[in-house]
Protein chains: 2
Amino acid sequence: MQDPETTLRQHDLPVTAQRLAVLRAVAHHPHATADDLAEQVRQEIGAISRQSVYNVLNVLTDKGIIRRIQPAHSPARYEDRVGDNHHHLVCRSCGQTEDVCCAVGAAPCLHAHDQHGFQIDEAEVIYWGTCPACQRKSRS
Amino acid sequence: MQDPETTLRQHDLPVTAQRLAVLRAVAHHPHATADDLAEQVRQEIGAISRQSVYNVLNVLTDKGIIRRIQPAHSPARYEDRVGDNHHHLVCRSCGQTEDVCCAVGAAPCLHAHDQHGFQIDEAEVIYWGTCPACQRKSRS
DNA sequence: GTACAGTTTTAGACTTTGTCAAATTAATGA
DNA sequence: TCATTAATTTGACAAAGTCTAAAACTGTAC
Ligand SMILES: [Mn+2]
Ligand SMILES: [Mn+2]
Ligand SMILES: [Zn+2]
Ligand SMILES: [Zn+2]
């Protein structure tokens, strides 16, 4: 990832303090929620409205600058690792989220046998399990 | 699926009109939302509280009698086809949901290379695309 | 059949996550 | 710098679901 200002200008987005800070927060805290990111941004620039956090996350997601994932039982999470078709591994008990390389290949998984006449454009995979920390906790 | 009353008794659940009706509604309307199901139940038995619909769906899900799926941008959906590790194909524009046999095999997909020390128990796959009806609409 | 104990159901308030709309403020380009 | 355009803020609102306490019901023991 290049610097946030360049990224914004390349996508014809006016550069604002809020956008820069949100973009930096996403880069430094992969898989964070909107709330997590708002906290980070406040530590960096003092204040931001909840609506602006959502505005910025939405526009960045629409432009493909960041990616939104929405696992069950969790608010949406964001990351700046886009375009590499990676998947996620989520802890059922604490929500910890890790990246997982696509199991099948580069632009993969798209083969559900083209079923039901759908035009498939993405295969989203979430692996559910228990993270090492939660395994230890439940054994004790 | 056997009859709802037997199912409830087998799982030591007291048999109530609400549970029977919700279970029947799930069986007749796969991938329906809690709201959809509440509507169905009301047509069948006249009335049910919102809380009861959720209570019943939760207890049935906990017992493994039904399954809950939670695609992004949609409230939770329920089905009584459990234990066969099938996946789903969801239309991005209208939400239509279809079953898809597991792409890899019977107890499949569980191989994310056991990454990050997680103990993986499920690989959830959602294929995203456009259903035939929405394809037609967007072409015209 | 009754009565009792333990569950379920109900109603209503509440929480979380996110959106909408109008007024204010800030960024860009001339 | 000014005008134009776009972004930010504020506050209300919405959807989906949970929490709680009171009322109603189910299963079981007499
Ligand atoms: Mn990721
Ligand atoms: Mn299904
Ligand atoms: Zn964990
Ligand atoms: Zn569709």
Side-chain angles (χ1 to χ4, degrees), chain A residues 4-26 31-42 44-63 65-66 68-78 95 97, chain B residues 4-26 31-42 44-63 65-66 68-78 95 97:
Chain A
E5 180 162 347
T6 309
T7 304
L8 292 175
R9 293 204 194 282
Q10 281 179 347
H11 289 86
D12 287 311
L13 291 171
V15 176
T16 67
Q18 292 85 347
R19 283 175 177 168
L20 291 173
V22 169
L23 202 34
R24 270 195 291 265
V26 172
H31 309 136
T33 65
D35 238 40
D36 298 336
L37 295 168
E39 261 326 294
Q40 289 303 319
V41 169
R42 290 194 183 108
E44 198 187 328
I45 65 169
I48 190 172
S49 70
R50 201 166 55 112
Q51 184 62 55
S52 283
V53 175
Y54 282 108
N55 285 350
V56 172
L57 291 172
N58 286 343
V59 72
L60 296 179
T61 302
D62 289 349
K63 293 277 187 179
I65 299 169
I66 64 175
R68 176 191 287 126
I69 60 176
Q70 291 171 266
H73 313 122
S74 164
R77 294 167 181 273
Y78 298 85
T97 303
Chain B
E5 180 162 347
T6 308
T7 304
L8 292 176
R9 294 203 192 282
Q10 280 178 348
H11 288 85
D12 287 311
L13 290 172
V15 176
T16 67
Q18 291 85 346
R19 284 176 175 164
L20 291 173
V22 168
L23 202 35
R24 270 195 289 266
V26 172
H31 309 138
T33 66
D35 239 40
D36 298 337
L37 295 168
E39 260 327 293
Q40 289 304 318
V41 168
R42 291 197 182 102
E44 198 187 329
I45 65 169
I48 190 173
S49 70
R50 200 166 52 113
Q51 184 60 57
S52 282
V53 175
Y54 282 108
N55 285 349
V56 172
L57 291 173
N58 286 342
V59 72
L60 296 180
T61 303
D62 289 350
K63 294 275 185 180
I65 299 169
I66 64 176
R68 174 192 288 125
I69 59 176
Q70 290 171 269
H73 312 122
S74 164
R77 294 167 180 272
Y78 297 86
T97 303

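Proteins get letters first, then strands, A, B, ... in listed order; numbering begins at 1 in each.
Judged as a salt bridge (charged side-chain N to carboxylate O under 4.0 Å, His left out), and not counting sequence neighbours, the contacts of A:R42 are A:E39. With sequence neighbours excluded, the residues that form a side-chain hydrogen bond (donor to acceptor under 3.5 Å, both in side chains) with B:Y78 are B:R68. With sequence neighbours excluded, the residues that form a side-chain hydrogen bond (donor to acceptor under 3.5 Å, both in side chains) with A:T6 are A:D3. Scanning for side-chain hydrogen bond (donor to acceptor under 3.5 Å, both in side chains) contacts around A:T33 gives A:D36, with sequence neighbours left out. Looking at residues two or more places apart in sequence or on another chain, you find a salt bridge (charged side-chain N to carboxylate O under 4.0 Å, His left out) between A:R9 and A:E5. Shown here are the side-chain hydrogen bond (donor to acceptor under 3.5 Å, both in side chains) partners of B:D35, two or more places apart in sequence or in another chain: there are none. When the side-chain contact (heavy atoms from CB on, under 4.5 Å) test is applied to B:A72, the partners found at least two apart in sequence or on another chain are A:Q70, B:W128.
B:A21 and B:I45 get closest at one heavy-atom pair: CB-CG2, 3.9 Å. Considering every non-hydrogen atom in both A:A38 and A:I48, the closest pair reads O-CG2, 4.4 Å. Taking both residues in full, the closest heavy atoms of A:P4 and A:L20 are given as CB-CD2, 3.7 Å, listed atom of the first, atom of the second, then distance.
In terms of position on DNA chain D, the residue among B:R9 and B:D35 whose nearest nucleotide sits closer to the 5' end is B:D35.
Between chain A and DNA chain C, the heavy-atom contact criterion of under 4.0 Å yields a 5' to 3' nucleotide range of C:dT17 to C:dT28.
Side-chain contact between B:H31 and B:I69 is present, with heavy atoms from C-beta onward closer than 4.5 Å. Under the 4.5 Å side-chain criterion, counting only non-hydrogen atoms from C-beta, B:L60 is not in contact with B:T7.
At a threshold of 4.0 angstrom between heavy atoms, the contacts of A:V59 with the nucleic acid are absent. Contacts of A:A17 with the nucleic acid, taken as non-hydrogen atoms under 4.0 Å apart, are absent.
Counting only residues at least two apart or in different chains, salt bridge (charged side-chain N to carboxylate O under 4.0 Å, His left out) contacts with residues 17-26 of chain B comprise B:R24-B:E44.
Across residues 46-55 of chain A, A:I48, A:S49, A:R50, A:Q51, A:S52, A:N55 each have a non-hydrogen atom less than 4.0 Å from an atom of DNA chain D (numbered order).
In this entry the distance linking CG of A:L57 with C1' of D:dT8 reads 14 Å, nearest Å. For the pair B:Q70 CD and D:dT18 C1', the computed distance is 14 Å after rounding to whole Å. A straight line from CD1 of B:I69 to C1' of D:dA16 spans 16 Å, rounded to a whole angstrom. Residue A:N58 contributes atom CG, which lies 14 Å from atom C1' of D:dT8 at whole-angstrom precision.
At its two ends the helix from C:dG1-D:dC30 to C:dA30-D:dT1 runs along axes set 30° apart, each axis drawn from five pairs and the angle rounded to 10°.
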Between the protein and nucleotides 4-6 of chain D, which nitrogen or oxygen pairs come in under 3.5 angstrom?
none

